[in-house]
Student: 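A single structure is presented below for examination.
Reminder, nothing fancy here: chain letters follow the sequence lines and each chain counts from 1.
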There are 2 protein chains.
Amino acid sequence: MGVDCHHTESAQPGLEGAALASAVAAAASKCERTRERLTPPRRRVLELLLEADGPMKAYDLIAAYGQDGEPAKPPTVYRALDFLERLGFAHRIESLNAYVPCRMEGTSHRAAFLICECCGTAEEFEPDFSPQFAAAEAAGYAVRTVTLEARGLCPACKVEAEPIAT
Amino acid sequence: MGVDCHHTESAQPGLEGAALASAVAAAASKCERTRERLTPPRRRVLELLLEADGPMKAYDLIAAYGQDGEPAKPPTVYRALDFLERLGFAHRIESLNAYVPCRMEGTSHRAAFLICECCGTAEEFEPDFSPQFAAAEAAGYAVRTVTLEARGLCPACKVEAEPIAT
DNA sequence: CAGGTTATGTTATTTCATAACGCAAGAGAT
DNA sequence: ATCTCTTGCGTTATGAAATAACATAACCTG
Ligand SMILES: [Zn+2]
Ligand SMILES: [Zn+2]
Ligand SMILES: [Zn+2]
Ligand SMILES: [Zn+2]
């Protein structure tokens, strides 16, 4: 987060109550269809990601894991994150060492993020790489996955940072 | 590196002798022009990056730092890396936690990489984001920097992995 | 229920990165 | 030249992120 920024830090709300339950249920049903198991630790980590106002660090998840305040052991959370990433329910943001729940509806997408350096939000968007890798593939590369993370200011923070127009 | 891959691990050669000296000298003269100081630790880390066959981890640099085998202290190397990144002489590859010397001639570029999951090489290329962020900027985002890392197989490894055509 | 597979619990360790602080070296001003 | 401001370095210590290894438990399938 920017040094010169004083936000209440929550441009992206985080789910609660019914919305949260519904998002988790959607994930559960998608798992059933593919014969994958949304076990308690996996479900719990998914909940924590969905509840959060922004990207969560692994050790934040570890600390928040137990409803009674008991932290999880690191492998518990890292394994759950591996699973959630594999199924497309969550993404890791490399440049932040942090994790977000997937915000895109479609099952198949390549994740990309617009990260605000001021308020810390990370908005997922669907990138278009067609022109980008035509050359690479022509040169013989076989591109499998792509990490695209743009950093800058979100609309709200950009306005705040701008000098007042006279 | 891929599990099923058996390379001698050096698709990208690494500089030696005159080529190395010339690359370092080029960096030094660019520093002089901008009144920046290529101090001994900075020069040493740059050398190590240029000599390497591929992306170097920070602790590999730390271990290799002393010509006599004495390792550096971590802050020495991390500070040098910060400097080299700031001046555009090196790049950090987020998805690898590793560093490479800049391979592009132009002073101003946004770095992007094609990373081979088999042999570990990382080829830098100049990305074209014009279409990519037109929408984002239209929506009010101010994009400052972009991390683009594509992972897959380089031409050499791709050939090796392909089933023999009948 | 037997046997294979997948997931978890637990301990410990490894890997990656920075905080903090005092000292040294360089750049400008007088 | 000396003062002084700034930048960089050396050093110690610690913090943050991720994984190795191995034993146990739950699930599935025949
Ligand atoms: Zn997504
Ligand atoms: Zn913002
Ligand atoms: Zn470059
Ligand atoms: Zn390769």
Side-chain angles (χ1 to χ4, degrees), chain A residues 1 3 27-28 31-46 48-49 52 55-68 70-87 89-100 120 147 149, chain B residues 1 3 27-28 31-46 48-49 52 55-68 70-87 89-100 120 147 149:
Chain A
M1 273 99 287
V3 284
C31 282
E32 270 180 35
R33 262 177 272 133
T34 53
R35 292 257 229 296
E36 297 278 357
R37 297 163 56 198
L38 188 63
T39 59
R42 293 167 176 180
R43 172 186 298 258
R44 177 62 181 146
V45 171
L46 177 58
L48 289 171
L49 290 175
M56 288 281 277
K57 301 273 204 170
Y59 275 72
D60 294 340
L61 294 167
I62 287 167
Y65 184 87
Q67 286 90 343
D68 54 357
E70 276 302 292
K73 306 292 171 63
T76 302
V77 164
Y78 280 105
R79 285 164 178 163
L81 288 170
D82 287 346
F83 170 85
L84 295 172
E85 282 194 89
R86 183 163 58 79
L87 285 253
F89 294 140
H91 302 291
R92 172 180 165 80
I93 300 183
E94 298 287 348
S95 61
L96 252 33
N97 288 358
Y99 303 83
V100 290
T147 298
E149 299 172 9
Chain B
M1 271 95 293
V3 286
C31 282
E32 270 180 34
R33 264 177 270 131
T34 54
R35 291 256 230 299
E36 297 277 358
R37 297 163 56 198
L38 189 64
T39 60
R42 293 167 176 180
R43 172 185 299 258
R44 178 62 181 145
V45 171
L46 177 57
L48 289 171
L49 290 175
M56 289 280 277
K57 302 271 204 174
Y59 274 72
D60 294 340
L61 295 167
I62 287 167
Y65 184 87
Q67 284 90 341
D68 53 356
E70 277 302 291
K73 306 291 171 65
T76 301
V77 165
Y78 280 106
R79 286 165 178 161
L81 288 171
D82 287 346
F83 170 85
L84 296 172
E85 281 194 273
R86 182 163 59 78
L87 288 246
F89 294 141
H91 302 291
R92 173 181 164 81
I93 300 182
E94 297 288 347
S95 61
L96 252 34
N97 288 357
Y99 303 83
V100 290
T147 299
E149 298 172 9

Student: Does B:Y78 have a side-chain nitrogen or oxygen under 4.0 Å from the phosphate oxygens OP1 or OP2 of D:dC9?
Tutor: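 For D:dC9, neither OP1 nor OP2 has a side-chain N or O of B:Y78 closer than 4.0 Å.
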Student: Return the nearest nucleotide to the side chain of A:P75; candidates are C:dG26, C:dT11, C:dA19.
Tutor: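 It is C:dT11.
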Student: So does B:R42 get a side-chain nitrogen or oxygen closer than 4.0 Å to the phosphate oxygens (OP1/OP2) of D:dG8?
Tutor: yes
Student: Give the rounded distance in Å between these two atoms: CG of B:N97 and C1' of D:dA17.
Tutor: 9 Å
Student: Please state whether the phosphate of C:dA17, meaning OP1 or OP2, lies under 4.0 angstrom from any side-chain nitrogen or oxygen of B:R92.
Tutor: yes
Student: Please determine whether a side-chain nitrogen or oxygen atom of A:K57 lies at a distance below 4.0 Å from atom OP1 or OP2 of D:dA16.
Tutor: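 Looking at the OP1 and OP2 atoms of D:dA16, neither is under 4.0 Å from any side-chain N or O of A:K57.
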Student: Rounded to the nearest angstrom, tell me the gap between atom CG in A:L38 and atom P in D:dC27.
Tutor: 14 Å
Student: Kindly say if A:K73 contacts the phosphate of C:dT11, meaning a side-chain N or O under 4.0 Å from OP1 or OP2.
Tutor: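 For C:dT11, OP1 or OP2 has a side-chain N or O of A:K73 closer than 4.0 Å.
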Student: Can you tell me whether the side chain of B:R35 and the base of C:dG26 have a donor-acceptor pair closer than 3.5 Å?
Tutor: no
Student: Check whether any side-chain N or O of A:E149 sits under 3.5 Å from a backbone N or O of A:I93 as a donor-acceptor pair, and report yes or no.
Tutor: no
Student: Where is the tightest heavy-atom contact between B:T34 and B:L87, given as atom of each residue plus distance?
Tutor: OG1-CD1, 4.5 Å
Student: Which is more 5' along DNA chain C, the nucleotide nearest A:P74 or the one nearest B:A98? Just name the residue.
Tutor: A:P74
Student: So, is A:Y65 near the phosphate of C:dT8, with a side-chain N or O under 4.0 Å from OP1 or OP2?
Tutor: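 Negative; the distance criterion is not met.
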Student: Provide, to the nearest angstrom, the distance between the CZ atom belonging to B:R43 and the P atom belonging to D:dG8.
Tutor: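 Value for this atom pair: 16 Å.
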Student: Would you find a donor on one side and an acceptor on the other, under 3.5 Å apart, between the side chain of A:R42 and the backbone of A:R37?
Tutor: yes
Student: Please work out if A:R37 contacts a base, only the sugar-phosphate, or nothing of the nucleic acid, heavy-atom cut-off 4.0 Å.
Tutor: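 Touches sugar-phosphate only.
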Student: Output yes when at least one side-chain N/O atom of B:T76 is less than 4.0 Å from OP1 or OP2 of D:dG10, else no.
Tutor: yes
Student: Over how many whole Å does the gap from A:E36 atom CD to C:dA7 atom C1' extend?
Tutor: 12 Å
Student: In this structure, how many angstroms lie between the C1' atom of D:dA17 and the CD1 atom of A:I62, rounded?
Tutor: 8 Å
Student: Over 60° means perpendicular and under 30° means parallel, so classify the ring planes of B:Y78 and B:Y99, tilted if in between.
Tutor: perpendicular
Student: Just by modelled atom types, is the B:I62 backbone N or O under 3.5 Å from a matching donor or acceptor in the B:K57 side chain?
Tutor: no
Student: Can you check whether B:Y59 stacks with the C:dC16 base, using ring centres under 5.5 Å and planes within 30°?
Tutor: yes
Student: A:L96 CG to C:dA17 C1': how many Å, rounded?
Tutor: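 Interatomic distance, CG of A:L96 to C1' of C:dA17: 15 Å.
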Student: Using OP1 and OP2 only, check whether a side-chain N or O of B:T39 sits under 4.0 Å from D:dC9.
Tutor: yes
Student: Looking at every non-hydrogen atom in both residues, tell me the closest pair between B:F83 and B:L38 and how far apart they are.
Tutor: CE2-CD1, 4.1 Å
Student: Could you tell me the separation between the CG atom of B:D60 and the C1' atom of C:dT15, rounded to a whole number of Å?
Tutor: 11 Å
Student: To the nearest angstrom, how far is A:L61 atom CG from D:dA17 atom P?
Tutor: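 Computing the A:L61:CG to D:dA17:P distance gives 11 Å.
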